[in-house]
2 protein chains.
Amino acid sequence: MDDDSWVPPAVLIAVDLVIFTLRESRLQVLLVERGVDPFRGALALPGGFLAHAEEDLLAAAHRELAEEAGFAADQLHLEQLSVYGTPGRDPRGRVVSVAYLAITPRLPEPVAGTDASDAWWIPTDRALSPDTRLAFDHRRIVADGVERARTKLEHSALATAFCPPLFTISELQEVYEAVWGVRLDPRNFYRKVQSVNGFIEPAGPVRKTENGRPARLFRPGPRQALHPPMNRPPEPGASERRPI
Amino acid sequence: MDDDSWVPPAVLIAVDLVIFTLRESRLQVLLVERGVDPFRGALALPGGFLAHAEEDLLAAAHRELAEEAGFAADQLHLEQLSVYGTPGRDPRGRVVSVAYLAITPRLPEPVAGTDASDAWWIPTDRALSPDTRLAFDHRRIVADGVERARTKLEHSALATAFCPPLFTISELQEVYEAVWGVRLDPRNFYRKVQSVNGFIEPAGPVRKTENGRPARLFRPGPRQALHPPMNRPPEPGASERRPI
DNA sequence: GGAATAGTGTCTTTTAGACATTATCGG
DNA sequence: CCGATAATGTCTAAAAGACACTATTCC
């Protein structure tokens, strides 16, 4: 196997961003239309190659976040999702891509300062449908991101990242319903979410108007990991419970 | 930023393996003593560079698994843990390393067919202690692996991977106690583990001897994700429960 | 018999889930 | 008043946790 002339192969490193938000009560992902040729015209996740050999992966992700989606550097929390390095995944050569997950509160219609081609918020179920053509293996990356978001909602305070700095419990419930794709009982949700340690805390006796009775406002609590976790209702598909 | 002469930087790709097992009722990790110069003499995770530019990441991990730890190719399940690519992490240059997690049942004393330098099973708490010198950022990788194993034990049937094909409920409990670092009530554990869907299933009316009453044998069930999950006791550190 | 581990039963407390009821807004 | 949403209360069923007890082996 080894001989003296062997040197390890060098490959290209890319970062891809799965940026989620909530719009129209649906989980949506930011996609850009590719203007250059591998998959020109197809939708793709924001991302790109490392700028130089000394650039940190997370720094590259933040740079792409600013360049392609107009988000200020540390405006958003980025979390590593997974790595995608199958040899054939990029026709230009061997590319290993590190995917990052980011969450943002509701934003004004299009995306702020898009540098490159146009960027759109696309509902994840539409992005994942076979009708939508996504570049590279980005359909799988989006699917992994959705799955990650779903489980993180159970065990972490991630849901508050979808909300503005002050939010009502109904708004928080909307996040859970959209990401999990289920309906939850507002009364039980109300109780549950307040019984979990430092998940959310009251933000003054302030209130807010809309249609019915004004709701109290809350802000994210100090606790990042939720104990006990939020309970995701079981999928109706599989038969649960032991036979005896 | 862009100009026509710019080309993306190429970096070296490595894979590192976090291989866990249970020995002496403790969670242990496989480490090899480095025989070559960056960190020569220090302990490190098994791993290495891609063999060639077309090698798949998972295939590279399996190859290293065989070369450095003597495990047959698909004898062990590998799962991606995380990526480590901080610019200074390898003195030889820019290296991005993909870490994989693997679990193996108890094995005979040293490691089977170690090709390279010597390999040892080291208890994770010792590997993570400041006294132990680990190469590169491998202390962090081991720490991430332990954390991953802990949470996977809650929600997946991973614990059975620590056990031989047929095992007793006590043996399974030993896994949970070692990885979580807690004591569990054998009677409640017994009930709980059997009430979770397809987690484990009885393997004939067979039995086994040791010291007291013979125990029934079980084999891993079909279910990979556990519903409901196993409950990890809360750390005694933080004050739990809402104040009112 | 005793020591040791396996397995069962029972009780109490907590939690999840279903759902009635009251409260506070804008008309 | 009505409609709408927020917030609280109440009941029931399920699950978690504590722990007594019985069962089966070896000595």
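Values reported hereafter were calculated over all heavy atoms of this structure, with side chains retained and with hydrogens, waters and symmetry mates removed. Quantities reported herein were computed from a predicted structural model and do not represent experimental measurements.
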Query raised in the report: Between A:Arg191 and A:Ala215, which has a closest nucleotide on DNA chain D that is more 5'?
Result: A:Ala215
Query raised in the report: For A:Tyr176, which residues count as a ring-ring contact (aromatic ring centres under 6.0 Å, His included) partner, sequence neighbours excluded?
Result: A:Trp180, A:Phe189
**Report entry** Selection residues 171-184 of chain A - residue pairs positive for salt bridge (charged side-chain N to carboxylate O under 4.0 Å, His left out), sequence neighbours left out
**Finding:** A:Arg106-A:Glu174, A:Glu171-A:Lys208, A:Glu177-A:Arg183
Report task. List the steps, then state whether side-chain hydrogen bond (donor to acceptor under 3.5 Å, both in side chains) holds for B:Thr124 with B:Gln28. Result -> CA-CA 5 Å; B:Thr124 49; B:Gln28 309 214 6; over 6 Å; no
Query raised in the report: Phosphate oxygens OP1/OP2 of C:dA16: is one of them under 4.0 Å from a side-chain N or O of A:Lys192?
Result: yes
Report task. Can you tell me the distance, in whole Å, between the CG atom of B:Asn231 and the P atom of D:dA18? Result -> 12 Å
Report task. Could I get the full list of ring-ring contact (aromatic ring centres under 6.0 Å, His included) partners for B:Phe136, not counting sequence neighbours? Result -> B:Phe39, B:His138
Query - Length of the line joining A:Met230:CE and C:dG17:C1', which is rounded to integer Å - result: 13 Å
Query raised in the report: Which salt bridge (charged side-chain N to carboxylate O under 4.0 Å, His left out) pairs, counting each pair once, include a residue from residues 159-170 of chain B, with sequence neighbours left out?
Result: none
Requested in this report: Before accepting this row, confirm whether a basic side-chain N of the pair A:Asp144/A:Arg148 lies closer than 4.0 Å to the acidic partner's carboxylate O.
Outcome: no
**Report entry** Contacts of B:Lys192 that satisfy salt bridge (Lys or Arg N to Asp or Glu O under 4.0 Å) - sequence neighbours left out
**Finding:** none
Requested in this report: Mind running a 4.0 Å heavy-atom check of residues 171-189 of chain B against DNA chain D and sending the residues that fall below it, in number order?
Outcome: B:Asp185, B:Arg187, B:Asn188
Requested in this report: Could you tell me the separation between the CZ atom of A:Arg232 and the P atom of C:dG17, rounded to a whole number of Å?
Outcome: 13 Å
Query raised in the report: Between C:dA6 and B:Tyr190, is there an OP1 or OP2 to side-chain N/O distance shorter than 4.0 Å?
Result: no
Requested in this report: May I ask you to evaluate whether A:Ser170 reaches the phosphate of D:dT5, defined as a side-chain N or O under 4.0 Å from OP1 or OP2?
Outcome: no
Report task. Ignoring backbone atoms, establish whether B:Ser195 has a side-chain N or O less than 4.0 Å from OP1 or OP2 of D:dA15. Result -> no
Report task. Sort and list the pairs that fulfil salt bridge (charged side-chain N to carboxylate O under 4.0 Å, His left out) and have at least one residue in residues 154-170 of chain A, not counting sequence neighbours. Result -> A:Glu154-A:Arg232
Report summary line: For nucleotides 22-27 of chain C, 5' to 3', base contacts (B), sugar-phosphate-only contacts (S) and non-contacts (-) with protein non-hydrogen atoms under 4.0 Å give -BBB--
Query - Those residues that, when tested against B:Ser170, pass side chain to side chain contact (heavy atoms under 4.5 Å, CB included) (two or more places apart) - result: B:Thr168
Report summary line: Hits for salt bridge (Lys or Arg N to Asp or Glu O under 4.0 Å) against A:Arg213, two or more places apart or cross-chain, chain-then-number order -> none
**Report entry** Nucleic acid contacts - residues 159-169 of chain A versus DNA chain D, non-hydrogen atoms under 4.0 Å
**Finding:** none
**Report entry** Phosphate OP1/OP2 of D:dT24 contacted by B:Arg216 side-chain N/O (<4.0 Å)
**Finding:** no
Requested in this report: Can you sort out the partners of B:Arg133 under salt bridge (Lys or Arg N to Asp or Glu O under 4.0 Å), two or more places apart, ordered by chain and number?
Outcome: none
